[in-house]
Enquirer: 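Quick one: this structure, given as structure tokens, is what I'll be asking you about.
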Amino acid sequence: MLNFSFTEEQEYFRKILKEFAKDELLPQYTKWDREGITPKHLWRKLGQLGVNGLRIPAEYGGSSADCVTTGIAAEEIGRGDFNLTYAVMLNALIGEIITKHANENIRAEWLPKIASGEAIIGIAITEPSAGTDAGGIQTTAKRSGDTYVLNGEKSGISVATAADAFIIFAKTNPQLGNRGISAFIVSKDTPGLECTGYEDMGNVSIGRGSLYLQDVEIHADHLIGQENEGFAQVMNGFDLSRLLIGLQCAGAAFQSLDETIEHVKIRKSFGKPLAVYQGVSFPIVTHYTQLEMVKWQAYRGLWLRDHGQKHSKESASVKWLGPKYSQEAIHECLLLNGHYAYTKEMPLEQRLRDVIGLEIGDGTAQANQMVIAKDIIGRDFRSY
């Protein structure tokens, strides 16, 4: 018998986060975009609420929460401040990689700081010539005694200007392609590492940018997991982050719909509330229905992950359709709210800009469709 209910603990957690998002995040959502800063104090506040350490073991300051509970956090924080949901999504991805693959020194040093919000960690894979083709990265890590020397360039890196450290993926055996990639944790203040920011259309408070590595020397114990196994680590992690991204985007879109529904109930045209016109109500219904389907596919994928079952195609479908349906819904809400919504006095224009960014990040629509095709049609008919 199917059961789509959440536990009492999960519902209580949702209630706490919903109130926090409404009272403390939503009123300041546009402030950080206008000022162009990363509100690190709110990352620490999320740490106090247990949000940052959901996928971190309790012995390292986390809560060892399941993936479904992590999804609840992504959805509810997304309603208040879309960009602060990176504290859920990014920390869940990095928390899992460090917990499962890093040595004890790395776990002990970084996991408590991530969980508390004291440290922000970025993940650096993408390069100017390697985005969807993550196996095509050119950054190298050459072993020299007890050290590795890293050289290369990373681009489009979230929290590039705000992070305290990065998990950097580099080729340790270029001849092996994606099977020759390793992962390293590198502090931002390591000599030879330079970080520069972008002037992005959206996600401004995330501080996206590029990393430049010139003879960055790190001790060999900064290697995460075994040499040449970094690609598998991150690809498995993407199955989680893509599901959380879908809920993050849906949360922002659902909030936009809620605000718009209240607006069309009050605003009148030709003597009647806008809500009575099918040209208004039917688009709202359409977007609500699409978002509900994405939401439940996301929770299904998280449930499958919690139960150790395959969920790559579910993750890919949520990552493909979540940002797409969400930006379409927010765009519609902007139009239904009229010309005031086109100003920066309302949060809709920023939500639209922010969500569009995740139509690109963590895999484009086309890349995720390739994942689904490989699963349902077969590897022998893999699309290119």
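The chain is numbered in sequence order, starting from 1.
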Enquirer: Are the side chain of N91 and the backbone of A87 linked by a donor-acceptor contact shorter than 3.5 Å?
Expert: yes
Enquirer: Can you give me the closest heavy-atom contact between K313 and I372, atom names plus distance?
Expert: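 Of all heavy-atom pairs spanning K313 and I372, the closest is O-CG1, 3.8 Å.
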Enquirer: Keeping N52 on the side-chain end and V88 on the backbone end, is there a donor-acceptor pair under 3.5 Å?
Expert: no
Enquirer: Do you know the tightest heavy-atom contact between I137 and K171?
Expert: O-NZ, 3.1 Å
Enquirer: Atom CZ of F254 and atom SG of C249: how far apart are they, to the nearest 0.5 Å?
Expert: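 SG of C249 is found 12.0 Å from CZ of F254.
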Enquirer: First locate atom CD1 of I167, then atom CD1 of I97, and finally report the distance between them rounded to the nearest 0.5 Å.
Expert: 5.0 Å
Enquirer: Should R55 and D66 count as an ion pair when the cut-off is N to O under 4.0 Å?
Expert: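 Answer for the salt bridge query: no.
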Enquirer: Do the side chains of D164 and K188 get close enough for a salt bridge, i.e. N-O under 4.0 angstrom?
Expert: no
Enquirer: Looking only at heavy atoms, what is the nearest atom pair of V204 and D354, with distance?
Expert: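 That closest heavy-atom pairing would be N-OD1, 4.4 Å.
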Enquirer: Side chains of Y198 and S155: do they bring a donor and an acceptor to under 3.5 Å?
Expert: no
Enquirer: Can E262 and K265 be counted as an ion pair, charged N to O under 4.0 angstrom?
Expert: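 Looking at K265 together with E262, the answer is yes, because their closest N to O distance falls below 4.0 Å.
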Enquirer: Supply the atom-to-atom distance L46 CG to L25 CG, rounded to the nearest 0.5 angstrom.
Expert: 6.5 Å
Enquirer: Counting only heavy atoms not in K113 (residues, nucleotides, ligands), do more than 12 fall under 6.0 Å from its NZ?
Expert: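 Buried by this count: over 12 neighbours within 6.0 Å.
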Enquirer: Distance alone, cut at 3.5 Å: any donor-acceptor contact between the side chains of E227 and T172?
Expert: no
Enquirer: Keeping S281 on the side-chain end and V276 on the backbone end, is there a donor-acceptor pair under 3.5 Å?
Expert: no
Enquirer: Kindly work out whether a path of hydrophobic side-chain contacts (I/L/V/M/F/W/Y, heavy atoms less than 4.5 Å apart) joins L213 to I185.
Expert: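 In one cluster with L213: I185, no.
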Enquirer: For the pair Q248 (side chain) and F82 (backbone), establish whether a donor and an acceptor sit closer than 3.5 Å, ignoring hydrogens and angles.
Expert: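 Yes: the side chain of Q248 pairs with the backbone of F82.
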Enquirer: Look at atom CZ of R143 and say whether more than 12 heavy atoms of other residues, nucleotides or ligands are closer to it than 6.0 Å.
Expert: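 Counting neighbours around CZ of R143, more than 12 heavy atoms of other residues, nucleotides or ligands fall under 6.0 Å, so yes.
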Enquirer: Which heavy atom of S315 sits nearest to which heavy atom of D239, and what is that distance?
Expert: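 For S315 versus D239, the nearest heavy atoms are OG-O, 2.6 Å.
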Enquirer: One thing to verify: whether E217 and K142 come together as a salt bridge, which I'm taking to mean a side-chain N less than 4.0 angstrom from a carboxylate O.
Expert: no
Enquirer: Can E11 and K15 be counted as an ion pair, charged N to O under 4.0 angstrom?
Expert: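 Here E11 does not pair with K15 in a salt bridge, since their nearest N and O are not under 4.0 Å apart.
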Enquirer: Is the number of heavy atoms from other residues, nucleotides or ligands within 6.0 Å of OH (Y277) greater than 12?
Expert: yes
Enquirer: Hydrogens and angles aside, do Y29 and Q255 bring a side-chain donor and acceptor to less than 3.5 Å of each other?
Expert: no
Enquirer: Compare every heavy atom of I16 with every heavy atom of L49, then report the nearest pair and how far apart it is.
Expert: CD2-CG2, 4.4 Å
Enquirer: Would N83 and N203 satisfy side-chain hydrogen bond (donor to acceptor under 3.5 Å, both in side chains), going step by step from the backbone distance to the final call?
Expert: CA-CA 6 Å; N83 295 310; N203 302 133; 2.9 Å; yes
Enquirer: What closest approach, in Å, do I356 and M201 show between heavy atoms, and which atom pair accounts for it?
Expert: CD1-CE, 4.0 Å
Enquirer: Less than 4.0 angstrom from a charged side-chain N to a carboxylate O is my criterion; do E75 and R14 meet it?
Expert: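 Salt bridge: yes.
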Enquirer: Thinking salt bridges, do R353 and D33 make one under a 4.0 Å N-O criterion?
Expert: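 Answer for the salt bridge query: yes.
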Enquirer: Can you tell me if F20 has over 12 outside heavy atoms packed within less than 6.0 Å of its CZ?
Expert: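 It does: F20 CZ has more than 12 such atoms within range.
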Enquirer: Can you tell me if D81 and Y86 form a side-chain donor-acceptor pair at under 3.5 Å?
Expert: no
Enquirer: Mind checking whether W296 and Y299 have parallel, tilted or perpendicular rings, split at 30° and 60°?
Expert: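 Tilted: the ring planes of W296 and Y299 meet at 30° to 60°.
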Enquirer: Between R44 and E118, does any side-chain N to carboxylate O distance fall below 4.0 Å?
Expert: no
Enquirer: I'd like to know if E24 pairs up with K45 as an ion pair, taking the criterion as any Lys NZ or Arg NE/NH1/NH2 lying under 4.0 Å from an Asp or Glu carboxylate oxygen.
Expert: yes
Enquirer: Please tell me whether R351 and S256 have a donor and an acceptor in their side chains that are separated by less than 3.5 angstrom.
Expert: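 Note: R351 and S256 side chains meet the donor-acceptor criterion.
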Enquirer: Report yes or no: does H222 contribute a side-chain atom to a donor-acceptor pair with the main-chain N or O of F184 at less than 3.5 Å?
Expert: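 Between the backbone of F184 and the side chain of H222 there is no qualifying donor-acceptor contact (under 3.5 Å).
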Enquirer: Ignoring hydrogens and angles, tell me if any N or O in the side chain of T7 forms a donor-acceptor pair with the backbone of Q10 under 3.5 Å.
Expert: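 Judged by distance alone, yes, a pair lies under 3.5 Å.
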Enquirer: Just by distance, no angles: are the side chains of N151 and T139 close enough, under 3.5 Å, to form a donor-acceptor pair?
Expert: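 Distance-only check fails for N151 and T139.
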Enquirer: Please check this pair: side chain of K319 against backbone of G363, looking for a donor-acceptor N/O pair closer than 3.5 Å.
Expert: yes
Enquirer: So does Q309 get a backbone contact from the side chain of H311, meaning a donor-acceptor N/O pair under 3.5 Å?
Expert: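 Confirmed, H311 side chain pairs with Q309 backbone.
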Enquirer: Would you check, one step at a time, whether the test side-chain hydrogen bond (donor to acceptor under 3.5 Å, both in side chains) holds for S317 with Q297?
Expert: CA-CA 8 Å; S317 66; Q297 175 76 320; 3.1 Å; yes
